[in-house]
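Below you'll find the structure, written out as structure tokens, and then a few comments.
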Amino acid sequence: MAQYVMTRGRYTRIGAEFDGDGVNFAVFSEHATGIDLCLFSPDGARELARLPLPERTGYVWHGRVPGLVPGQLYGYRAHGPYAPEAGHRFNPHKLLLDPYAKRITGHPRWAEALFGYNTAAKSQDLTFNTRDSARFMPKCVVEDPSFHWGNDRPPAHTIAQSVIYEAHVKGFTALRDVHHAGHFLGLASDAAVEHLLDLGVTAIELLPVQAFLNDKFLVDRKLTNYWGYQPISYFAPEPRYMSTGQINEFQHVVKRLHAAGIEVILDVVYNHTAEGSELGPTLSFRGLDNRSYYRLDPENPRHCINDTGCGNTLNLDHPMVLRMVMDSLRYWVEAMHVDGFRFDLASTLARDDNGFQPNGAFFAAIRQDPVLSRVKLIAEPWDIGPGGYQLGAFPHPFLEWNDKFRDSARQFWRGDAGLVPDLATRIAGSAQQFDHSGRSATSSVNFITAHDGMTLHDLVSYSQKHNEANKEANHDGHGQDYSDNMGHEGPTDDPAITAARAQRKRNLLATVLLSQGTPMLLAGDEIGHSQRGNNNAYCQDNELTWLDWSRADTALMDFTRRLIAFRAAHPVLRQKRFLHSRMRDTDGADDLIWWHASGQRMTAEDWQDPALSHVCVELRTASGTPAYDDLEYALFLVFNGGPEMHVALPRPPEGKVWSRHINTAAPDAAPETLAAIAHVPAHSVSALVLDAEA
């Protein structure tokens with residue numbers, strides 16, 4: 001092996017840091033007895049040197065190699081006890097990824113050598129596997145993340161201004177006629193940016209872009225981990241999305257989107273890693289210090305705690321693991337300039353040995369951090385662990401995905417009885433869940449569809465899931481979508497069914513964009529994308545999930561654009577204060593009034609009427625809102641889930657008339673002035689504005 005000099009180095013900056021005249025390496029392991037730095041040839045095929053890190057300060061092992069430069073390939077091997085019953089799984093025959101690696105060369109190639117134990121043995125993980133895994137493992141790359149950002153500035157849209165667009169890097173760009181289709185740089189293409197601008201969204205929320213694993217069971221079935229919820233590195237961008245292998249590709253995308261006024265939010269997975277249960281491979285964390293990085297069963301540390309359903313749970317109770325997560329988040333903000341994060345299975349992050357703790361270590365760390373406390377933070381408020389469903393329990397400034405909004409809207413428009421009170425609650429911002437602890441009405445992230453579940457088109461085209469392509473006998477995916485095929489399962493040429501489906505899609509989109517809260521759209525819904533009824537397309541990296549722009553429903557796109565523009569034009573739809581039908585101090589008017597179609601205010605008996613199928617609401621600004629705090633600025637919304645009807649309109653102020661600007665039954669109609677009684681088409685949404693009398 002080649003000769004290299006190794007000096008003591010520094011422990012203060014964990015990871016591989018180029019300092020201009022060499023590279024400092026530092027890695028955490030509390031229970032290791034030694035850590036080797038392995039240096040590799042440029043092609044990764046030859047191990048050039050194996051250098052024991054000479055110093056340990058606290059539990060950080062460190063050393064410096066003069067003369068090394070960015071581009072150097074490396075990995076680690078860890079020495080220590082192999083004692084699964086005590087939670088230790090050290091095996092120096094396994095090459096390990098640096099948890100702080102800023103780039104990796106690719107993905108592991110599945111082989112027996114990746115496992116710390118002999119998989120064929122009866123006692124399985126109690127055995128010790130001496131096969132060397134280096135040739136099957138990707139290598140870490142020393143990187144200098146500096147980038148010429150110029151005058152890049154975050155768009156800094158307020159939450160009240162935000163319309164979030166959830167998208168997959170490859171799915172959004174693969175079938176675009178652009179350079180670098182299917183890669184990061186495809187997001188920076190004129191076509192991609194112009195679509196986002198034309199639609200009117202303020203932020204793109206990307207499914208995981210931190211490097212992730214292709215699960216062995218998927219590879220064996222000739223499928224792919226498409227969504228990316230199996231992280232193997234929290235600092236490195238996913239290699240398959242890079243055209244040239246350089247991390248500055250992602251930085252270029254962020255800079256380009258920022259220049260267009262579009263924020264970038266990352267879907268991040270800090271609840272578990274791709275190493276899975278104790279029967280999973282040894283790729284990084286498990287080999288460096290299984291007992292520190294993972295939560296283990298206190299009565300039998302051989303086994304991982306599995307609150308995530310993915311085999312393991314990251315141990316954020318450990319200060320150095322929490323530090324890794326915080327360092328990772330800050331890196332993506334400071335080095336990559338991202339604008340926020342959506343936390344997968346966020347309930348896991350708040351759980352310690354005593355259960356869910358909304359003011360626990362992770363959330364306390366973020367809320368006091370001067371970098372992270374100023375970016376957008378979104379929680380997926382559930383997991384499968386004890387007390388896992390925690391909608392509304394997260395602290396400010398976190399927003400939360402609101403599945404109650406999703407389900408109430410789907411059921412109401414499907415025609416389920418008794419949904420009027422639920423829908424009304426969601427339209428007004430789900431105050432029961434979020435109006436506490438100083439939280440705002442924007443805390444609820446309202447959505448109808450997301451990556452997990454049916455697309456909008458499929459929601460109105462299929463009554464059952466169709467996941468056969470996943471090769472799990474259609475057993476995977478949740479079984480309750482509240483979907484409706486509207487008379488025929490799947491594609492149809494029947495014009496009546498096609499028209500009804502189109503109108504219901506418009507109704508669902510209107511419900512999201514006319515409600516209090518923060519709206520989120522799924523990429524492709526605006527152009528009618530279908531996954532042919534697959535509600536769990538996590539493993540479908542193909543034309544089932546890629547957006548087909550050549551077949552875009554331009555009429556639906558136009559209507560979606562119109563809805564977003566309408567929301568942007570009317571601040572009453574995007575208030576921070578909750579509306580509770582309370583009298584305003586300035587004029588004595590209520591901030592919100594629920595009306596019956598008859599023109600009377602809703603009564604308790606009306607709300608309990610199972611035959612009621614409409615919601616009529618007059619919205620004004622909440623008391624104390626600095627702008628538009630007057631009676632004349634109001635909207636009147638009608639959500640009619642039943643047959644056509646006539647609605648008595650509230651008396652407008654002198655000099656004003658009610659004009660209908662949105663009508664989902666006539667999506668292209670120009671604004672129309674209405675008399676005291678409005679005709680509302682069946683199964684439709686109407687949005688009325690107070691305009692000046694002609």
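Quick note: residue numbers are just sequence positions, from 1. Scope of the values below: all heavy atoms of this structure, side chains included, with no hydrogens, waters or symmetry mates.
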Can you give the donor-acceptor pairs under 3.5 Å from side chains of residues 683-694 to other protein atoms, not counting sequence neighbours?
from	atom 1	to	atom 2	distance (Å)
H683	ND1	G641	O	3.1
S684	OG	P681	O	2.7
S686	OG	R660	NH1	3.1
D691	OD2	S659	OG	3.0
D691	OD2	H661	NE2	2.9

Looking at side-chain heavy atoms only, is the closest gap between L257 and I204 below 4.5 Å? yes

Verify the distance criterion only: is there a donor paired with an acceptor across the side chains of Q433 and R426 at less than 3.5 Å? yes

My understanding is that only residues two or more places apart in sequence, or in another chain, count here; which of them pass side chain to side chain contact (heavy atoms under 4.5 Å, CB included) with A424? W594, W607, V615

Looking just at side-chain N and O atoms, do T449 and D525 make a donor-acceptor pair shorter than 3.5 Å? yes

What residues form a side chain to side chain contact (heavy atoms under 4.5 Å, CB included) with R256, not counting sequence neighbours? A188, D190, V193

Using a distance-only test with no angle check, is there a side-chain donor-acceptor pair under 3.5 angstrom linking D476 and N536? yes

Between E166 and H451: side-chain donor-acceptor atoms closer than 3.5 Å: yes

Between S550 and D548: side-chain donor-acceptor atoms closer than 3.5 Å: yes

Going through the checks in order, is the side chain to side chain contact (heavy atoms under 4.5 Å, CB included) test met by L592 and V617? CA-CA 7 Å; L592 175 149; V617 60; 3.8 Å; yes

Among side-chain atoms of D383 and T348, is any donor-acceptor pair under 3.5 angstrom? yes

Is it true that the side chains of D606 and T603 contain a donor and an acceptor less than 3.5 Å apart? yes

Between W401 and F343, is the gap from one ring center to the other below 6.0 Å? no

Pair H457, T455: side-chain N/O donor-acceptor within cut-off below 3.5 Å: no

For residues D267 and Y229, is any side-chain donor paired with an opposing acceptor at under 3.5 Å? yes

Has H580 got more than 12 heavy atoms of other residues, nucleotides or ligands less than 6.0 Å from its NE2? yes

Quick one about W413 and T511 (side-chain donor to acceptor, distance below 3.5 Å, no hydrogens or angles considered), yes or no? yes

Nearest heavy-atom contact between V178 and S189 is CG1-OG, 3.6 Å

Side-chain donor-acceptor contact under 3.5 Å, E618 with W595: yes

For D458 and N535, does a side-chain donor sit closer than 3.5 Å to a side-chain acceptor? no

Decide yes or no on side chain to side chain contact (heavy atoms under 4.5 Å, CB included) for F356 and F394, but give the supporting numbers first. CA-CA 10 Å; F356 180 84; F394 288 77; 3.8 Å; yes

Is it the case that the ring center of F398 lies less than 6.0 angstrom away from the ring center of F363? yes

When you compare the side chains of H466 and N534, does any donor N or O come within less than 3.5 Å of an acceptor on the partner? no

R367 and N359 side chains, donor-acceptor separation under 3.5 Å: yes

Could you verify whether a donor N or O on one side chain and an acceptor N or O on the other, from S581 and D590, lie under 3.5 Å apart? no

